[in-house]
Undergrad: 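Encoded as structure tokens, here's the structure I'll be asking about.
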Amino acid sequence: MRPVAIVGTGKTAFGAFAQHSLRSLAVEAIEKALHDANVQADQVQAFYLGNFAGPSFTGQNHLAPYVGAAAGFSGIPCTRFEAACASGGTAFYHAWQSIAAGLSDIVAVCGVEKMTSQPTPVVAEILAGAGDMSGEGAAGATFPALFAMIARRHMMQYGTTREQLAAIAVKNHANGKKNPLAHMRKEITMEQALAGKPVAEPLSVYDCSLVSDGAAALVLMPLERARQTGRPYARVLSVAQTSDHVALDEKDDITGFSAVRQAGKQAYEVAGIGPEEIDLAELHDCFTIAELIATEDLGFAKKGAGGRFAEQGCSRMDGKLPINATGGLKSKGHPVGATGVGQICDLTMQLRGEAGENQVERHRTGLAQNLGGSGATCVVTILRQEQ
Amino acid sequence: MDHATLPNGTVYTETVVFSPPARYKDEAPYQIAIVDLDADRRMTVRIAESNGGGRVQIGDVVRFVQWKDDVAYFQKADAI
């Protein structure tokens, strides 16, 4: 296996963009990433697109060549990956494999979603398709409802509180306010977070990430080649992709996700490090409770202590492990297919010291965790800055 | 889908849905629960709140009420 490096990142702003199409967003992100990597479109040897539900949201299918051709890719494999909210992460995982295995020397990855053209109940219906439509979906479970049931159980077993969940929302909004590409650039108070309109008890609107449009892209190369460019890069120390049952009621324990624990374990082992060596993390906060349990599943806090970890400020910008320093899905927005790629863009920018007002102080080694559905797919990536 | 009568169960977790998917938009708010029916059978059900059923909490014992459109409805076992 060859070591791999990320040499280019590109993101659109995340938000509601009536004037932009799925394709125009994706092409904008890809062009930025190619420019950042100093690579021409005709040098790209394979294209990996992460997208959850383009056909449902926009009616357009056959998305990888549709986007790829518009970005200037011609005659190369263009493939779409769908793994719910981990679609971007799985596209990245396979792009990494292609270079690590020696099959390609320059690949492009893009994640994109165009969601805001549909009304909220339709969005809820499409997102519910990432769960088991015949069981929990038929019973009326939306995605917030699934994570609400996780939160209820976590509260019962470990004494986790509404205030601890709200602390995560308050932190991520404070971080996102400084991020020029974030969807909702405003701070919220603890009082606001606790008084939010209920979505699925005990979760309110302030526990939920945003429905957004947006795209993110990366350019990858073998590490040796990245070094020769003389440009800043981030080394991929490890990537792991895992899976589990789609339905929540098929899992033994829902207060954590085995797919996350397994992906974390594999990623740490291959990287040869443990959680204590991670300087910052981008965790998949589709809901506040999701960040909380990821903190536990990845070994940053003990099982059941994720709430206190957040409440005590450990995951703030000035804490021992900044989590979602760029705002998380909560404030940046969650264009589903773009999210996993966007996290790796943000982590790469942090490692390269290019995160502006969101820059964390210690940024040698970072971890990104991208979650699909209620824990059915997980991709964990560990990056290191070597220069 | 097995449409037989289901045994009593215990609520493993629950939530009340306020923001429903399109097809249930006229029913919200409604409660759903994951119920342990026996040692190795867990399912997601709708809680029937009418007829004095009320809402349920983790640990409540619930009994099967009916199948409706492939969804199992349960209510508190001690409801009238």
Side-chain angles (χ1 to χ4, degrees), chain A residues 56 118-158 160 196-205 207-208 211 245-255 287 289 374, chain B residues 1-4 6-7 9-50 53-62 64-75:
Chain A
S56 303
Q118 300 289 346
T120 302
V122 175
V123 172
E125 187 89 41
I126 293 170
L127 292 175
D132 177 1
M133 291 298 276
S134 69
E136 57 201 17
T142 56
F143 253 82
L146 296 174
F147 279 87
M149 291 195 287
I150 291 168
R152 274 273 199 258
R153 189 73 201 179
H154 202 281
M155 288 169 152
M156 196 281 283
Q157 284 185 218
Y158 301 107
T160 299
K197 197 175 127 211
V199 174
E201 287 178 345
L203 303 183
S204 81
V205 287
D207 292 290
C208 305
V211 171
H245 294 289
V246 167
L248 205 56
D249 58 20
E250 289 183 62
K251 300 183 212 289
D252 292 333
D253 172 26
I254 64 167
T255 61
F287 301 95
I289 184 67
S374 48
Chain B
M1 176 81 61
D2 177 9
H3 279 196
L6 296 166
T10 306
V11 175
Y12 172 70
T13 188
E14 53 75 29
T15 183
V16 177
V17 178
F18 286 83
S19 184
R23 67 196 140 133
Y24 293 133
K25 66 178 166 33
D26 297 329
E27 299 178 32
Y30 54 82
Q31 189 173 34
I32 59 173
I34 296 179
V35 171
D36 284 321
L37 295 181
D38 47 48
D40 55 0
R41 192 167 178 202
R42 185 175 276 180
M43 70 187 290
T44 309
V45 308
R46 188 76 78 85
I47 299 303
E49 293 181 47
S50 54
R55 287 186 179 160
V56 301
Q57 295 183 336
I58 293 175
D60 283 352
V61 177
V62 289
F64 174 71
V65 178
Q66 64 168 338
W67 284 101
K68 193 175 146 194
D69 300 331
D70 284 341
V71 178
Y73 282 71
F74 278 69
Q75 69 176 192

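In what follows, every chain begins at residue 1, and chains take the letters A, B, ... in the order their sequences are listed.
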Undergrad: Minimum heavy-atom separation for A:Thr142 and B:Pro21, please, with both atom names.
TA: CG2-CD, 3.4 Å

Undergrad: Among all residues two or more places apart in sequence or in another chain, which pass the salt bridge (charged side-chain N to carboxylate O under 4.0 Å, His left out) test with B:Asp38?
TA: none

Undergrad: Checking heavy atoms, do the side chain of B:Tyr73, its backbone, both or neither come under 4.5 Å from chain A?
TA: neither

Undergrad: Just wondering, do A:Glu201 and B:Phe18 contact through their side chains at under 4.5 Å, heavy atoms?
TA: yes

Undergrad: Test B:Ile32 against A:Met149 for side-chain contact (heavy atoms from CB on, under 4.5 Å), laying out the working first.
TA: CA-CA 9 Å; B:Ile32 59 173; A:Met149 291 195 287; 3.9 Å; yes

Undergrad: Between B:Glu14, B:Arg46, B:Gln57, who has the most heavy-atom pairs with chain A when the cutoff is under 4.5 Å?
TA: B:Glu14

Undergrad: Would you give the length of the straight line joining atom OH of B:Tyr24 to atom CD of A:Glu125, rounded to the nearest 0.5 angstrom?
TA: 8.5 Å

Undergrad: Please look at A:Ala128 and chain B and tell me whether the side chain, the backbone, both or neither of the residue comes under 4.5 angstrom of a heavy atom of that chain.
TA: neither

Undergrad: Can you tell which part of B:Ile58 gets under 4.5 Å to a heavy atom of chain A, answering side chain, backbone, both or neither?
TA: side chain

Undergrad: Using ring pair (Phe, Tyr, Trp, His ring centres under 6.0 Å) as the criterion, list what pairs up with A:Phe143, not counting sequence neighbours.
TA: none

Undergrad: Heavy-atom pairs under 4.5 Å with chain B: which of A:Ala148, A:Ala124, A:Ala145, A:Pro198 has the most?
TA: A:Pro198

Undergrad: Determine whether a donor-acceptor pair (N or O, by modelled atom type, separation under 3.5 Å) exists between the side chain of B:Arg42 and the backbone of A:Asp252.
TA: yes

Undergrad: Which atoms of A:Ile254 are under 4.5 Å from chain B, going by heavy atoms: the side chain, the backbone, both sets, or neither?
TA: both

Undergrad: Can you say whether B:Val45 sits under 4.5 Å from chain A via the side chain, the backbone, both, or neither, judging by heavy atoms?
TA: backbone

Undergrad: Return the minimal non-hydrogen interatomic distance between B:Val71 and A:Ala138, and the atom names on each side.
TA: CG2-O, 3.1 Å

Undergrad: Pick out which of B:Thr44, B:Thr13, B:Val35 makes a side chain to side chain contact (heavy atoms under 4.5 Å, CB included) with A:Asp249.
TA: B:Thr44

